[in-house]
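To find a chain, count down the sequence lines: A is the first, B the second, and so on, and within it residues start at 1. No experiment lies behind these values; they were computed from the predicted model shown. Below, all heavy atoms of this structure are taken into account, side chains as well, without hydrogens, waters or symmetry copies.
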Protein chains: 2
Amino acid sequence: MAGEKAHHERCEGHGHAHSPHSDVAAMIERARAFAAARKLPFTEMRARVLTVLAREEKPLTAYEITDRLSVSKKVQAVQVYRGLDFLQEAGCVHRLASKASYFACDHEHHPGEAVVFMVCSHCGTVQEAPSDLVAQGLQGAAEHAGFKPAHPIVELEGECARCSETKAA
Amino acid sequence: MAGEKAHHERCEGHGHAHSPHSDVAAMIERARAFAAARKLPFTEMRARVLTVLAREEKPLTAYEITDRLSVSKKVQAVQVYRGLDFLQEAGCVHRLASKASYFACDHEHHPGEAVVFMVCSHCGTVQEAPSDLVAQGLQGAAEHAGFKPAHPIVELEGECARCSETKAA
DNA sequence: CAGTGAAGTGTAATAGTATTACACCACGGC
DNA sequence: GCCGTGGTGTAATACTATTACACTTCACTG
Ligand SMILES: [Zn+2]
Ligand SMILES: [Zn+2]
Ligand SMILES: [Zn+2]
Ligand SMILES: [Zn+2]
């Protein structure tokens with residue numbers, strides 16, 4: 001559960017948001033490893049869904065993914081949802097609750113960590129950053145209420161650096 | 001933007017989660033005051049939606065609200081959504097993004113505050129608690145990323161005190 | 001006191017998100 | 001070979017949210 005600083009250093013080279021991921025192949029590899037560890041197949045469909053998300057700058061809805069995949073070969077939403085389920089378990093994809101959409105992640109996450117999804121209301125990109133303070137705050141609130149915390153969702157709507165600059169110019 | 005302690009003291013008498021609100025009338029009054037301040041009518045429909053939520057222990061979906069209201073007189077979902085929009089602006093109702101459902105709130109909220117919604121995965125109740133640490137963490141993450149924060153969503157799934165006890169017994 | 005405009009209502013239709021059901025296929029272990 | 005687990009493809013359905021439009025209410029103003 002590294003400190004905020006340490007974690008940020010790990011995230012360098014990642015630049016703005018999770019822009020068209022430099023490294024789609026690496027993400028595929030991570031998913032494949034997860035599948036192997038669980039002795040589950042890393043199927044064509046799973047790879048295709050992840051690839052679409054990894055190439056995209058912004059979160060996509062399940063139906064947007066469906067549409068893109070359908071260009072090459074008709075697929076149905078339920079197939080995409082199945083792929084998304086797997087990829088979320090693998091930690092390769094997150095769901096943005098506030099937008100009911102999905103985006104690829106190339107971070108390693110750790111249990112107990114609290115990750116903030118910063119969503120730009122102007123351009124739609126998402127940038128994620130773990131925060132120990134937030135984790136502590138959640139922990140504290142839970143403790144105070146006798147609540148046993150499991151899975152946090154932390155989303156912050158606002159305006160990303162790039163969009164702020166653009167406007168200023 | 002009081003400290004965690006101070007805020008919690010203000011919340012006493014509120015007991016477990018936002019159980020069938022002791023004080024439906026007070027919540028109505030709050031909504032009415034908001035409406036008056038904006039010179040907007042506090043209509044029948046708005047009151048009916050709020051009343052249903054205030055009497056309920058758990059969040060309800062818009063369609064569940066629709067069904068309850070329809071018992072006395074048939075209403076349509078869109079009418080409920082309109083009521084919910086108003087009530088959310090008034091700060092009397094929150095939306096739980098992770099469940100696409102709505103619940104009444106009898107707290108006062110303040111700008112810049114970060115409120116944690118603790119959602120019991122067993123009984124479904126929601127308990128809210130403001131956290132300064134979380135607020136600071138969000139602020140810090142945003143600052144570090146050059147992100148201009150606007151509206152946070154913080155939800156924590158887990159098990160409430162009551163359910164934990166019950167199991168232990 | 002008619003005219004106007006902002007805001008709400010009631011109804012219908014539609015868009016958008018997610019799940020269930022089921023028949024069939026692929027593969028690894030016995 | 002047979003079976004069990006897990007994936008696929010297809011259809012149907014459930015659930016969540018919004019748009020459109022005709023009509024009403026009410027406060028304001030000329
Ligand atoms: Zn991530
Ligand atoms: Zn932006
Ligand atoms: Zn509240
Ligand atoms: Zn509970």
Would you mind reading off the distance between [X] atom [atom1] and [N] atom [atom2], rounded to a whole angstrom?
X: Asp85(B); N: dT18(D); atom1: CG; atom2: P; result: 7 Å
X: Ile65(A); N: dT17(C); atom1: CD1; atom2: C1'; result: 12 Å
X: Met45(A); N: dC25(C); atom1: CE; atom2: P; result: 19 Å
X: Asp67(A); N: dA15(C); atom1: CG; atom2: P; result: 14 Å
X: Leu40(B); N: dT25(D); atom1: CG; atom2: C1'; result: 14 Å
X: Lys73(A); N: dT10(D); atom1: NZ; atom2: C1'; result: 12 Å
X: Leu60(B); N: dC15(D); atom1: CG; atom2: P; result: 15 Å
X: Lys99(A); N: dT16(D); atom1: NZ; atom2: C1'; result: 17 Å

Which nucleotide in the set [options] lies at the smallest distance from any side-chain heavy atom of [X]?
X: Ala62(A); options: dT8(D), dA7(C), dA18(C); answer: dA18(C)
X: Thr43(B); options: dG8(C), dT11(C), dT16(D); answer: dG8(C)
X: Val78(B); options: dT19(D), dT8(D), dA18(C); answer: dT19(D)
X: Gln76(B); options: dA12(C), dT10(D), dT17(C); answer: dA12(C)
X: Tyr102(A); options: dA17(D), dA18(C), dA11(D); answer: dA18(C)

| said: Tell me if the centroids of the rings in His109(A) and His94(A) come within less than 6.0 Å of each other. | reply: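 Ring centres of His94(A) and His109(A) closer than 6.0 Å.
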| Glu165(B) and Arg162(B) ion-paired at < 4.0 Å |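 Here Glu165(B) does not pair with Arg162(B) in a salt bridge, since their nearest N and O are not under 4.0 Å apart.
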| task | Look at the rings of Phe103(B) and Phe117(B) and say which category their plane angle falls in: under 30° parallel, 30 to 60° tilted, over 60° perpendicular. | result |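 Perpendicular: the ring planes of Phe103(B) and Phe117(B) meet at over 60°.
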| message | Does the plane of the ring in Phe86(B) sit parallel, tilted or perpendicular to the ring in Phe42(B)? Use 30° and 60° as the thresholds. | response |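 The rings of Phe86(B) and Phe42(B) sit tilted, inter-plane angle from 30° to 60°.
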| task | Return yes if a side-chain donor-acceptor contact under 3.5 Å exists between Glu155(B) and Ser98(B), otherwise no. | result |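 There is such a pair between these side chains.
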For [N], does OP1 or OP2 lie under 4.0 Å from any side-chain N or O of [X]?
X: Arg95(B); N: dA17(D); value: yes
X: Lys74(B); N: dG10(C); value: no
X: Lys39(A); N: dG28(C); value: no
X: Gln79(A); N: dT8(D); value: no
X: Thr61(A); N: dT17(C); value: yes

| task | May I ask you to verify whether the side chain of Arg46(A) and the base of dG7(D) hold a donor-acceptor pair under 3.5 Å? | result |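 It does not, because no donor-acceptor pair links the side chain of Arg46(A) to the base of dG7(D) below 3.5 Å.
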| Is there a stack between Tyr63(A) and dT17(C), judged by ring centres under 5.5 Å and planes under 30°? |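 Yes.
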| Which residue lies toward the 5' end of DNA chain D, Arg82(B) or Glu44(A), if each is placed at its nearest nucleotide? |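 Of the two residues, Glu44(A) wins.
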| field | Which atom of Met27(A) lies closest to which atom of Cys92(A), heavy atoms considered | value |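 Answer, listing the atom of Met27(A) first, then Cys92(A): CE-O, 4.2 Å.
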